[in-house]
Amino acid sequence: MKRPRPPSPPSISATAKPPLSPPLTPILKQKLHRTGTTPNWLPLKLTQTELTLPLTFPTGQTFRWKQTGPVQYSGSIGPHLVSLRQRPGDDTVSYCLHCSKTSPRAAELALLDFLNAEISLAELWSDFEMKDPRFGEVARHLRGARVLRQDPLECLIQFLCSSNNNIGRITKMVDFVSSLGLYLGEVEGFEFHQFPSLERLSRVSEDELRKAGFGYRAKYITGTVSALQSKPRGGDEWLLSLRKLELQDAIAALCTLPGVGPKVAACIALFSLDQHSAIPVDTHVWQIATRYLVPDLAGAKLTHKLCSRVAEAFVSKYGEYAGWAQTLLFIAELPAQKALLQTLSQPIKRDKTAERKKVMKL
């Protein structure tokens, strides 16, 4: 199963709005705490070396955030609707709270938690560079690529939608599911909702999801929701408890849910469960690994056993935060970023030449 490869971030007009399927039931637009009509932008205390928005949001970690400006992304975190932006010449990241069901302070704390703000990229990158000079060469051009800390249920449902899928369809499916939650507001033509609760999702039938275009993934979503609801302390509590387990135990637990295999489980573990050494292995990560970590496996067919070997190779090289290193190396392979890497050192150029020759032979 391939990990979706996001296209280059498009230039989005102020009125752009993707087509959404109508929600299954009317959504009540409840009264929320609103911050006024004039956006109030506040510094987030994260520099661009700690958070670069185009290297974090349109990279396949989440499909709920929208580009609402040249370097601006908007999304909901629980009951809070926020925007993040970076302006030319301004080293800091700013945020705007559009509305909240609780308070501005709660929204700021939720945003920092969502961004894994307690983890210093500068320290991680320095450690990785000592272990791998090539990583340091890439990181100098792609600073600020963070791994998000999403709500586990939200992350789980998104990656169930991503199975053997493309970015356009994944986004449409995730938008449909999101539209079942509490309406939070609109930013530059995009509507935003709080992600629906497990109880709300339980009232969606497989047939309704199939009619909305989910295909075979419909049974995985309804089956997973049902499985979560059967947990003794509830599905949300069960998912949060996986943050306290060892990685392999968390992966094994996730794989008991319908439609969740090792690759999807690794994505959920890395992007929502504090499992920083999780390595989602797909064909793209496999290619990275065989070029730089396990060259003796080049040409071999990717199997479950070799996926484990690739994951072990990343952890052996980069340590307990190997998932963060793998994420940056994955981003470096995206078409939008490859152009930036043309100025890298000669070893990288030789690798790229070899890659072009390999493509010509196919």
Steps toward side-chain contact (heavy atoms from CB on, under 4.5 Å) verdict (V187, H98): CA-CA 8 Å; V187 181; H98 300 284; 3.7 Å; yes
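- When hydrophobic clusters are built by joining Ile, Leu, Val, Met, Phe, Trp and Tyr residues whose side-chain heavy atoms come closer than 4.5 Å, directly or via intermediates, I279 is grouped together with V294.
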Derivation of the side-chain contact (heavy atoms from CB on, under 4.5 Å) call for Y321 and V147: CA-CA 10 Å; Y321 282 84; V147 169; over 6 Å; no
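- The main-chain N or O of A269 is never found under 3.5 Å from a side-chain atom of S272 such that the two would form a donor-acceptor pair.
- Heavy-atom minimum distance, L270 versus Q326: CD2-OE1, 4.2 Å.
- A single hydrophobic cluster is not seen to contain both Y318 and V315; linkage of ILVMFWY side chains at heavy-atom distances under 4.5 Å, directly or through other members, places them apart.
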Evaluation steps, side-chain contact (heavy atoms from CB on, under 4.5 Å), between Q158 and R64: CA-CA 9 Å; Q158 288 185 84; R64 299 194 69 223; 3.5 Å; yes
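- When side chains are defined from C-beta on, S202 counts as touching Q229, because their heavy atoms get closer than 4.5 Å.
- Shown here for L55 and A145, the closest heavy-atom pair between the two residues is O-CB, 3.7 Å.
- E108 places no side-chain N or O within donor-acceptor distance of the main-chain N or O of S103, the cut-off being under 3.5 Å.
- Inter-residue side-chain proximity for T222 and V204 is flagged as unmet; no heavy-atom pair is nearer than 4.5 Å.
- No side-chain heavy atom of P152 sits under 4.5 Å from any side-chain heavy atom of I268.
- Shown here is R243, whose CZ atom has more than 12 heavy atoms of other residues, nucleotides or ligands within 6.0 Å.
- Using a 4.5 Å cut-off on side-chain heavy atoms (C-beta onward), Y292 and L329 make no contact.
- Put simply, V82 and L42 are part of the same group of oily side chains (I, L, V, M, F, W, Y) that touch within less than 4.5 Å, one to the next.
- Checked for salt-bridge contact, D296 and R309 meet the test: a charged N lies under 4.0 Å from a carboxylate O.
- A distance of 7.0 Å separates CD of E154 from OG of S178, quoted to the nearest 0.5 Å.
- Put simply, the side chain of T224 never gets that close to the backbone of I221: no donor and acceptor are under 3.5 Å apart.
- Note: Y220 and Y216 have perpendicular aromatic rings, judged against thresholds of 30 and 60 degrees for the angle between ring planes.
- Under the side-chain contact (heavy atoms from CB on, under 4.5 Å) rule, L228 has a single partner from D236, L257, L201, which is L257.
- For F135 and W125, the ring centers are positioned less than 6.0 Å apart.
- A 4.5 Å side-chain heavy-atom check between L245 and L273 finds every atom pair outside the cut-off.
- Of the possible polar contacts, none joining the T47 side chain to the T92 backbone as a donor-acceptor pair under 3.5 Å is found.
- A heavy-atom distance below 4.5 Å is found between the side chains of D282 and F330.
- Side chains of T68 and Q72: a donor on one and an acceptor on the other come within 3.5 Å.
- Under 4.0 Å is where a charged nitrogen must lie from a carboxylate oxygen, and between R134 and E137 no such pair does.
- Residues K219 and E206 have side chains in contact (heavy-atom distance under 4.5 Å, counting atoms from C-beta outward).
- Side-chain rings of W65 and Y73 stay apart, their centers remaining 6.0 Å or farther from each other.
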Verdict with reasoning, E237 to K231, per side-chain contact (heavy atoms from CB on, under 4.5 Å): CA-CA 9 Å; E237 188 69 25; K231 300 298 181 184; over 6 Å; no
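- In summary, E208 and R203 do not engage in a salt bridge, as defined by a charged side-chain N under 4.0 Å from a carboxylate O.
- Contact between C161 and F214 at its shortest, heavy atoms only, is SG-CE2, 3.8 Å.
- Taken to the nearest 0.5 Å, the CE atom of M130 stands 7.0 Å off from the CG atom of D127.
- The cluster map of Ile, Leu, Val, Met, Phe, Trp and Tyr, joined by side-chain heavy atoms under 4.5 Å apart, puts L160 and L153 in the same cluster.
- In terms of modelled atom types and a separation under 3.5 Å, the side chain of R217 and the main chain of S163 share a donor-acceptor contact.
- Both L112 and L53 belong to a common hydrophobic cluster when Ile, Leu, Val, Met, Phe, Trp and Tyr are linked at side-chain heavy-atom distances under 4.5 angstrom.
- Considering all non-hydrogen atoms of both residues, Q48 and D90 come closest at NE2-O, 2.6 Å.
- Side-chain N or O atoms of S126 include none that pairs as donor or acceptor with a backbone N or O of E123 at under 3.5 Å.
- Residues D249 and K244 are not paired through a salt bridge, judged by the lack of any N-O separation under 4.0 Å between the basic side chain and the carboxylate.
- Distance alone, capped at 3.5 Å, is enough to place a donor-acceptor pair between the Q61 side chain and the L148 backbone.
- Contact record, P79 with L184: O-CD2, 3.7 Å, taken as the closest heavy-atom pair.
- D132 has no carboxylate O lying under 4.0 Å from a charged side-chain N of K317, or vice versa, which leaves the two without a salt bridge.
- Looking at Q275, its side chain does come within 3.5 Å of a backbone N or O of L242 through a donor-acceptor pair.
- With rounding to the nearest 0.5 Å, the separation of OG1 in T52 from CZ in F57 is 11.5 Å.
- A heavy-atom distance below 4.5 Å is found between the side chains of H80 and T102.
- Salt bridge R146/E50: present, at least one basic N to carboxylate O contact under 4.0 Å.
- Panel note: side chain Q194, backbone P196; no donor-acceptor pair is recorded below 3.5 Å.
- At distances below 3.5 Å, not a single donor-acceptor pair connects side-chain atoms of N116 with backbone N or O atoms of I119.
- Between L302 and C307, the shortest heavy-atom distance links the atoms CD1-SG, 3.7 Å.
- Salt-bridge check for E188 with K66: failed, with every basic side-chain N at 4.0 Å or more from each acidic carboxylate O.
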